Structure formats: structure tokens, C-alpha cells
Amino acid sequence: MIQITLPDKTVKTFPKGITGQEIAGSISEGLARNVLSVNVNGEVWDLNRPINNDAEIKLNTWDDKDGRATMWHSSAHLMAAAIEELYPGTKFGIGPDVENGFYYDIDLGDRSISSNDFEKIEQKMLEIARRKEKFFRTELPKHEALDFYSKKGDEYKVDLINDLEDGTISFYRSGHFTDLCRGPHLVDTGPIKAVKLLNTAGAYWRGDESRKQLTRVYGISFPKQKMLKEYLEMLEEAKKRDHSKIGRELELFAFSNSVGQGLPLWLPKGAELRENLEIFLKKVQRKAGYLPVISPHIGNKNLYIMSGHYDKYGKDSFKPISTPSEGEEFFLKPMNCPHHCEIYKNKQYSYKDLPVRFAEFGTVYRYEQSGELHGLTRVRGFTQDDAHIFCRPDQVKEEFIAVIDIVLLIFKALDFSDYSVQISLRDPRSMEKYIGTDENWDKAEQAIIEATEEKGLKADIVKGEAAFYGPKLDFMVKDALGRKWQLGTIQVDYNLPDRFELEYIGSDNQKHRPVMIHRAPFGSMERFVAVMIEHCAGNFPLWLTPDQAIILPISEKYEKYAKKVLTLLNNYEIRTLIDERNEKTGKKIRDAETRKIPFMLIVGEKEEAQGTISVRKHGSGDLGTHTIEEFVQMVEQEIHRLIPEI
RNA sequence: GCCGAUGUAGCUCAGUUGGUCAGAGCAGCUGAUUUGUAAUCAGCUGGCCGGGGGUUCGAAUCCCUCCAUCGGCUCCA
């Protein structure tokens with residue numbers, strides 16, 4: 001007999017060799033029906049795999065991430081089975097579950113498949129699923145496994161097996177389809193009740209551009225048809241938040257073929273929005289001791305040779321700009337740091353002067369591959385809210401905390417709570433590729449970890465993700481479709497101070513090398529605005545939005561009064577418009593709602609007589625009649641809720 | 001850069017197998033209306049159907065090519 005501990009800490013005794021499925025059955029019939037896989041001591045297992053020792057287990061249903069993963073992984077096999085039946089001779093790469101569904105990389109030879117073929121494949125998948133094909137696990141020694149796939153002509157599987165350690169290799173078979181697989185899987189295909197293939201994409205074998213490109217087919221599956229319907233509806237909703245779409249509707253930004261790919265044009269409303277962000281950050285930074293600097297859009301090639309960026313990224317830049325002078329070449333600025341290093345070098349610093357913090361909204365240009373461009377999140381010309389802090393090694397932690405404070409202040413001001421934090425450290429297995437002394441690295445890594453802990457941030461610590469020049473802390477957010485984007489970043493840099501031979505005079509009257517911290521709370525203004533749009537669906541915080549209020553006169557008889565209200569509100573620095581069109585009030589309200597203007601101020605006979613305005617709030621409706629002063633207070637209160645400091 | 005999809009008025013979209021198929025709604029313009037919390041009415045102007053080549057008596061529709069956008073891959077100082 002063995003002791004099985006359930007998540008609620010109750011302990012049950014079962015005969016040795018009991019399976020997850022049987023345990024579920026002993027608890028309830030419903031659980032037996034809905035269970036998809038079982039975690040045994042933290043590892044996901046097949047439900048029919050015997051448990052031979054005492055263990056802590058957790059039964060996974062659709063509501064558990066691991067349960068869904070099992071379902072989707074099995075669905076990937078199911079899709080492969082369907083594709084093999086429909087397109088004999090197809091070779092298979094890898095087919096894992098992902099955050100929202102699964103994919104399989106396949107090689108169709110001379111054929112190709114597109115979304116037109118999806119329905120056929122989906123039907124076949126459901127047909128197989130309904131047969132409740134069992135998943136059988138088998139194991140083979142490595143050489144036999146290699147033999148099996150060599151004979152089958154599946155070079156991708158051979159490639160995968162070659163990379164595996166010697167020993168036994170597990171396979172899963174369901175129906176006619178057998179796949180190299182670690183598992184785990186569903187007991188059978190029965191629970192897969194609804195499937196939807198979503199799209200296809202080219203994917204290089206093993207992510208290597210020099211290797212063959214396979215066809216990746218993405219899909220998702222559900223235990224209930226209704227869930228699929230809800231998921232598709234959710235996708236439709238997400239599309240409505242797409243920043244490109246909202247950017248066009250609210251006239252924030254545009255692209256023009258005549259100007260060039262990936263070069264955004266900020267329209268008046270968008271520019272106003274962006275300026276509001278910049279003004280806000282400038283105020284915050286001034287308070288935090290940053291000094292403004294400004295550097296040009298181009299820099300001499302030698303500057304980037306000095307910084308090392310030319311070697312690493314020169315080929316991915318725009319072509320150099322040459323001048324009539326022999327051999328002289330300039331590059332569009334791909335980043336601001338070399339310029340800021342030169343600014344630092346302009347004067348001698350004492351240890352008492354540090355830290356020095358140079359801030360600049362610096363526009364930079366990078367030649368992103370055309371397939372990479374994406375709305376405002378991925379462009380070729382963008383502005384970083386950049387700053388470089390030059391400090392002593394003993395100040396790193398303190399400075400980190402101060403930067404985190406700024407990032408958190410900004411996120412709060414924008415009502416931004418859905419973000420994750422990642423700390424990137426050295427790869428302990430290949431320490432040689434990092435520049436800087438071990439001592440400094442240890443200190444900096446420790447400083448970052450302590451700083452995040454002190455700020456109460458829950459950070460994922462990822463070893464091996466650090467840049468060669470220093471560890472970093474990144475703030476990531478997801479867009480409407482769940483894609484991850486990096487926004488704010490704080491990076492320690494030992495490289496550039498070395499390359500530029502930056503110095504300060506220490507208390508010992510000797511020259512010392514400062515540490516440099518790169519930081520950009522927004523990352524880039526373009527990307528940040530894009531994410532912001534998707535985050536709030538275009539309903540920006542009141543302090544940020546381009547137009548805060550619009551006055552809607554009932555008829556042209558009240559235009560004079562409307563203008564008087566406008567002047568008053570302008571005096572209070574409330575960004576206000578008047579809708580003077582010859583339209584009915586209902587129409588004006590509708591249009592103002594569509595434009596997502598926070599406040600609509602309706603003025604007619606009554607208001608003119610009383611010297612008041614009728615306030616309507618975007619999304620919530622009529623707030624009744626108020627005096628101008630009351631309204632101003634309302635606006636100020638709303639603004640101070642998010643940014644009390646300013 | 002690579003794979004796949006898409007590309008029709010400023011915007012959102014119809015256009016069946018190539019033959020009155022160049023359309024609709026919104027926006028815009030003109031006029032009427034003087035309007036009270038999500039669309040007043042009428043008339044009118046918008047397009048070389050992404051660009052270029054080809055097939056055909058005839059192409060928005062079929063083929064080739066280029067460009068752009070979207071979804072991925074890869075990359076991301």
C-alpha cells in the first residue's frame with residue numbers, strides 16, 4: 001500500500017500501482033469524467049501510469065494549466081494523425097502545446113496547406129477523436145528508435161532522437177499515428193470535443209534560419225463546443241482593441257508608403273497624447289535628479305566602432321551617410337548611449353558628483369527586417385525615453401530602486417497593473433562570454449535581486465538571459481492578443497564605460513571606472529503607446545487623453561455661451577473642444593462617445609440661463625447639471641486619483 | 001529576409017462560374033431643419049478595383065511579378 005497526498009493535504013491509502021484515473025474515480029464520478037492528467041510530485045503524468053510509491057498528487061482538469069496543456073498536446077498528435085491520413089508522406093517535426101493551444105511543424109514536401117484546408121483537417125480530427133483512440137505509451141532503445149524513423153524517412157525525428165541522451169526513448173501511439181514523445185497524454189482522444197485550426201506559418205526547423213522551413217499549423221481544442229465559440233468571440237473582441245485599428249479611428253498615427261515602411265507619422269491627436277506622456281515623465285525625472293541632454297540624429301561611424309555596436313549591428317543598420325570628405329561616414333543613431341558617454345567625457349567627475357543621470361527622448365533608427373514590422377510596436381524609427389546613469393559600483397542598488405520607483409509611478413499613473421517582471425542574469429555554464437569582473441557582476445546581480453525584493457516585485461529570475469555587458473531587469477506586458485512585449489528596461493553596463501574609458505576621481509585621488517545603467521521606463525514611445533491603446537481600448541486616462549471634454553451646444557443659438565464655457569475651461573487647462581456642427585444632440589453625443597472623449601458638456605437654454613453645464617461621462621452617461629467650478633473639481637479629482645504628485 | 005493569407009472610394013465592406021459589376025453604408029460637400037443625453041431628411045461629389053506585365057474579343061475576377069498590410073518564423077543595441 002502507498003500513501004497518496006492530495007492538494008488539500010488529505011492522505012489516502014491505495015494499493016501500489018494505482019493510477020491517477022482510478023484515484024479520480026475513487027473521489028467522484030464527475031472528477032473521473034473530467035480529469036485530464038495527474039501531477040505526481042510536481043511532474044505531469046499520464047492518467048493510466050501506475051503510481052508505485054508514496055506521492056503528492058494533483059488531478060488536473062480543464063481548469064488547471066497542466067490539464068489544458070495535456071489536452072492540447074494530445075490535440076497536436078490528433079492533428080498530426082489527421083494530417084497523416086489526409087496527406088500521406090507528410091514528415092513531422094515537433095508538435096507541442098503552447099499558451100493558447102498547440103501547433104505542429106510539418107513538412108508537406110511539394111504540397112502546401114492553407115486555411116482553406118482547415119475544415120477538412122478539423123473534420124478528420126473530430127472523426128478520430130470520436131473514436132476515442134487510446135494513447136499507448138511504448139519505449140524503445142535509442143538505436144531502435146533511430147532505425148524506425150530512418151526507415152520511415154522522417155529526418156526530423158532522426159535529428160531529434162540524435163540529440164537525446166542514450167537510453168530508452170518513449171513513443172505514443174493512438175490509432176495509426178505513432179509519435180516520438182515524452183508525454184504525457186490523455187487516456188484517449190475522447191475529451192477533445194471541439195477543435196479549431198487557427199493559422200499557418202513558416203517556421204525554420206529548430207529555429208535556425210539556415211535550415212529548412214517547415215509549415216507550422218496552429219490550433220486550439222476544447223472539451224466543449226461552447227468553449228470554442230466563446231474563445232472565438234474573445235478573439236473577435238481582442239481584434240477590436242488592435243492598436244492599429246484604434247490608432248486610425250482616433251486619428252493618432254498613420255503610415256504612408258511614400259514615407260516608408262515602419263516609419264510612423266504621429267497625427268495631431270497622437271502627438272498630443274505622446275507629448276502628455278513626455279511632459280509627465282520629464283517632470284518625474286527632474287524631481288528624481290535627471291539632467292536633460294540632447295544629441296543629434298546621426299553619429300560618426302567611429303563612435304559606433306568605439307562602442308562596439310558597429311561590429312555587432314552595423315549590418316542591420318541603415319546604409320551609412322557619406323560626406324564629400326574622404327572616408328567619413330555617419331550612421332543614423334541606433335541608440336543614444338554612445339552620445340551620452342561622450343557627454344559624460346566632456347567633464348571630469350569626482351566620486352562626490354555621482355551619480356550623474358542624463359535623460360533624453362532620443363529618436364533612433366534601426367533597419368528591422370520587413371517581416372518584423374508590426375504596427376507601432378515594431379518600427380524602424382522610434383523614440384526612446386532613454387537615460388543613462390553613471391554611478392559608483394556601490395550605488396547600483398540604490399539607483400536601481402530609484403528607477404523601479406519611476407517605473408511603478410508611471411504604471412500607476414496609467415492604471416497599468418497587468419505586467420510581469422524579469423531579471424536576467426549570467427549563464428553560470430558559460431561565464432567566459434561576459435565582460436566585467438566577477439566581483440562587479442555578483443554585486444550588480446545581487447543589487448537587482450535585492451532591489452526588486454525591497455520593492456515587493458515578483459520577478460522571474462532567468463539565468464543566461466543577461467546581455468554580455470551586464471544583468472538587467474525588464475518589465476513585460478501582454479497585448480490584446482496575449483503577445484508579450486518588453487516595455488521598461490533597466491540594464492547594468494560594464495562594457496561601455498570601459499570602451500569609452502569613462503572615469504571619476506575617487507576619494508583615494510585615483511581614477512576609477514563608473515558603472516553605467518541604461519534605463520527606459522516606457523521602452524519606446526511608439527511601443528508604449530501601442531500597448532497603452534490595447535490595454536485601455538483607446539479609453540485613455542483623463543490626464544493623458546488628447547481631448548478631455550467636448551462642449552455640445554443644443555443648437556447654434558447657444559454657441560456664444562458654449563464659447564464662453566470653452567474659454568473658462570481653457571483657463572483651467574482642461575483640453576476642450578466644441579461640436580458646432582448643425583446636428584441633433586443625439587448625434588453629437590453618439591460621435592463624441594465614438595471618439596472616446598471622456599466628458600460631454602451639453603449646453604442649451606437651461607444651462608445658459610443658470611450659467612451651468614450638463615455633464616455626461618463617456619461610457620457611463622448623464623451626470624446631471626453642474627457649475628463650471630464643480631466640473632473642474634471633478635476633472636482634477638479624477639486626474640489626481642492617478643497622479644497625485646504632479 | 002522566409003512561409004501563409006489579404007489588398008475594391010477617407011473608413012467598413014458587397015461584387016456569383018471573366019461579359020451594364022464598378023456598388024452600399026458611414027465620412028465629406030450642398031441645402032432644408034434649430035434640434036435635450038448614442039445616428040434628422042434630401043441631393044451631390046468620391047475609385048485606373050495596391051503597382052506593373054501577361055492570357056482573352058473582353059479582366060476587379062485567370063496567370064506572372066513587384067509593393068504593402070496581417071498572422072507566424074528568425075532577430076531585437
Side-chain angles (χ1 to χ4, degrees), chain A residues 98 103 105 108 112-118 198-218 239 242 244-245 248-249 251 254-258 260-262 304 307-314 316-317 333-338 364-375 377-378 384 386 467-469 481 483 485-486 489 491 493 495-496 518 520 523-524 527 552-559 581-595 600-607 614-625:
Chain A
V98 289
Y103 69 78
D105 284 347
L108 288 149
S112 70
I113 63 173
S114 72
S115 48
N116 299 328
D117 306 304
F118 284 177
L198 297 168
N199 50 51
T200 64
Y204 296 103
W205 176 234
R206 316 209 99 177
D208 182 347
E209 214 171 326
S210 67
R211 302 216 210 188
K212 184 160 179 182
Q213 192 166 49
L214 308 183
T215 304
R216 176 169 296 178
V217 184
Y218 282 91
K239 274 188 200 156
D242 179 90
S244 295
K245 179 177 146 63
R248 186 167 47 240
E249 285 166 358
E251 300 182 4
F255 289 89
S256 154
N257 267 349
S258 308
Q261 244 190 321
Y304 303 113
S307 69
H309 290 108
Y310 178 76
D311 259 2
K312 219 167 171 225
Y313 301 105
D316 301 322
S317 300
K333 181 165 69 174
M335 66 271 116
N336 304 297
C337 16
V364 297
Y365 301 89
R366 300 173 187 178
Y367 189 82
E368 302 285 355
Q369 296 192 103
S370 64
E372 271 314 318
L373 301 172
H374 176 89
T377 52
R378 203 61 185 273
Q384 295 177 312
D386 213 356
F468 73 94
Y469 52 79
L481 286 171
R483 291 172 296 209
W485 295 99
Q486 182 202 301
T489 182
Q491 310 187 355
D493 188 345
N495 178 43
L496 286 182
H518 307 249
S524 95
R527 177 177 292 180
L552 311 179
I554 296 289
S555 83
E556 61 189 25
K557 288 187 219 155
Y558 312 107
E559 269 176 23
R581 291 174 309 163
N582 180 4
E583 293 288 353
K584 289 187 144 181
T585 308
K587 168 72 167 166
K588 292 184 182 183
I589 288 172
R590 185 189 149 78
D591 288 346
E593 291 280 356
T594 311
R595 289 164 73 187
M600 286 148 273
L601 311 175
I602 297 149
V603 295
E605 192 179 354
K606 196 176 73 188
E607 288 78 8
S614 176
V615 180
R616 181 190 164 97
K617 192 166 186 194
H618 167 64
S620 41
D622 196 352
L623 297 185
T625 307

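Fair warning: this is a prediction, and the values are worked out from it, not measured in the lab. Naming: A, B, ... by sequence-line order, numbering from 1 per chain. As a basis for the values below, the full set of heavy atoms in this structure was taken, side chains included, without hydrogen atoms, waters or symmetry mates.
- For U20(B) and U65(B), the C1' atoms lie 32 Å apart once the distance is rounded to whole Å.
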Q: Could you run through nucleotides 25-30 of chain B and give me one letter per nucleotide, 5' to 3': B if any protein heavy atom sits under 4.0 Å from the base, S if only the sugar-phosphate is that close, - if neither?
A: --S---

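- Spacing between atom CD of Glu249(A) and atom C1' of U12(B) amounts to 10 Å, rounded to whole angstrom units.
- If you check every strand for non-hydrogen atoms under 4.0 Å, Gly586(A) touches sugar and phosphate atoms only.
- Per the geometry, CG belonging to Leu601(A) stands 14 Å off C1' belonging to G36(B), to the nearest Å.
- Both Leu214(A) and Glu607(A) sit near RNA chain B, but only Leu214(A) has its closest nucleotide nearer the 5' end.
- Between A27(B) and C21(B), the distance separating the two C1' atoms is 24 Å to the nearest Å.
- Distance noted for atom P between U45(B) and G10(B): 16 Å (whole Å).
- Look at the P atom in both G19(B) and G1(B): the space between them is 36 Å, to the nearest Å.
- For C2(B) and U12(B), the P atoms lie 28 Å apart once the distance is rounded to whole Å.
- Among the protein residues, Gly308(A) comes within range of no part of the nucleic acid, since none of its heavy atoms lies under 4.0 Å from any strand.
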Q: For RNA chain B, produce a single dot-bracket line, 5' to 3'. Pairs: Watson-Crick or G-U wobble, both distances under 3.5 Å. Symbols: ( ) within strand, [ ] crossing, | other strand, . unpaired.
A: (((((((..((((.....[...)))).(((((.......))))).....(((((..]....))))))))))))....

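- Residue Ile589(A) places its side chain closer to A38(B) than to any other of A38(B), U34(B), G36(B).
- Annotation: salt bridge (Lys or Arg N to Asp or Glu O under 4.0 Å) contacts of Lys557(A) (sequence neighbours excluded): none.
- Tyr103(A) meets the ring pair (Phe, Tyr, Trp, His ring centres under 6.0 Å) test with Tyr218(A); sequence neighbours excluded.
- More than 90° away from 0 lies the glycosidic angle of G54(B), which makes this nucleotide anti.
- In this structure, Phe118(A) atom CZ and G71(B) atom P are separated by 15 Å, rounded to whole Å.
- Residues meeting the salt bridge (Lys or Arg N to Asp or Glu O under 4.0 Å) test with Glu251(A), sequence neighbours left out: none.
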Q: Mark up nucleotides 72-77 of chain B, 5' to 3', with B wherever a protein heavy atom is under 4.0 angstrom from a base atom, S wherever such an atom reaches only the sugar-phosphate, and - elsewhere.
A: BBBBBB

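- Asn495(A) is linked by a side chain to side chain contact (heavy atoms under 4.5 Å, CB included) to Ile435(A), Phe468(A), Tyr469(A), Asp493(A), Arg499(A), counting only residues two or more places apart in sequence or in another chain.
- If you take atom C1' in C29(B) and the same atom in A9(B), they sit 15 Å apart, rounded to whole Å.
- For the salt bridge (Lys or Arg N to Asp or Glu O under 4.0 Å) criterion with Glu593(A), the lone passing option out of Arg616(A), Lys587(A), Lys588(A) is Arg616(A).
- Applying the side chain to side chain donor-acceptor pair (under 3.5 Å) rule to Lys606(A) yields no partners; only residues at least two apart in sequence or on another chain are considered.
- G36(B) atom C1' lies 4 Å from atom CD1 of Ile554(A), rounded to whole Å.
- Atom-to-atom, CD of Gln261(A) to P of G50(B) comes out at 19 Å; the value is rounded to the nearest Å.
- In this structure the side chain of Leu601(A) reaches within 4.5 angstrom of the side chain of Val615(A), judged on heavy atoms.
- In this structure, CZ of Arg248(A) is placed 18 Å from P of A68(B), rounded to the nearest angstrom.
- Taking Gln213(A) as the reference, nothing meets the side chain to side chain donor-acceptor pair (under 3.5 Å) condition, with sequence neighbours excluded.
- Nucleotides C64(B) and C3(B) have their P atoms positioned 14 Å apart, rounded to a whole Å.
- As a whole-Å value, the separation of Lys212(A) NZ from C2(B) P is 17 Å.
- Looking at heavy-atom distances under 4.0 Å, Lys588(A) makes no contact with the nucleic acid at all.
- With sequence neighbours left out, the side chain to side chain donor-acceptor pair (under 3.5 Å) criterion links Tyr558(A) to no other residue.
- Residue Ser370(A) has its side chain nearest to G1(B) when only G36(B), G1(B), A39(B) are considered.
- Distance check: Thr377(A) OG1 to Gln486(A) CD gives 12.5 Å after rounding to the nearest 0.5 Å.
- Residues forming a ring pair (Phe, Tyr, Trp, His ring centres under 6.0 Å) with Tyr367(A) (at least two apart in sequence, or on another chain): Phe318(A).
- Listed by chain and number, the residues in a ring pair (Phe, Tyr, Trp, His ring centres under 6.0 Å) with Phe118(A) amount to none (sequence neighbours excluded).
- Across the protein-nucleic acid pair, Glu556(A) atom CD and A32(B) atom P stand 11 Å apart, rounded to whole Å.
- In this structure, Glu249(A) places its CD atom where more than 12 heavy-atom neighbours from other residues, nucleotides or ligands lie under 6.0 Å away.
- In this structure, Asp242(A) does not pair ionically with Lys245(A), as no charged nitrogen and carboxylate oxygen lie closer than 4.0 Å.
- G58(B) and G18(B) are spaced 8 Å apart, taking the C1' atom of each and rounding to whole Å.
- Within the 4.0 angstrom heavy-atom criterion, base atoms lie near Lys584(A).
- Side-chain N/O atoms of Arg616(A) include one lying less than 4.0 angstrom from OP1 or OP2 on A38(B).
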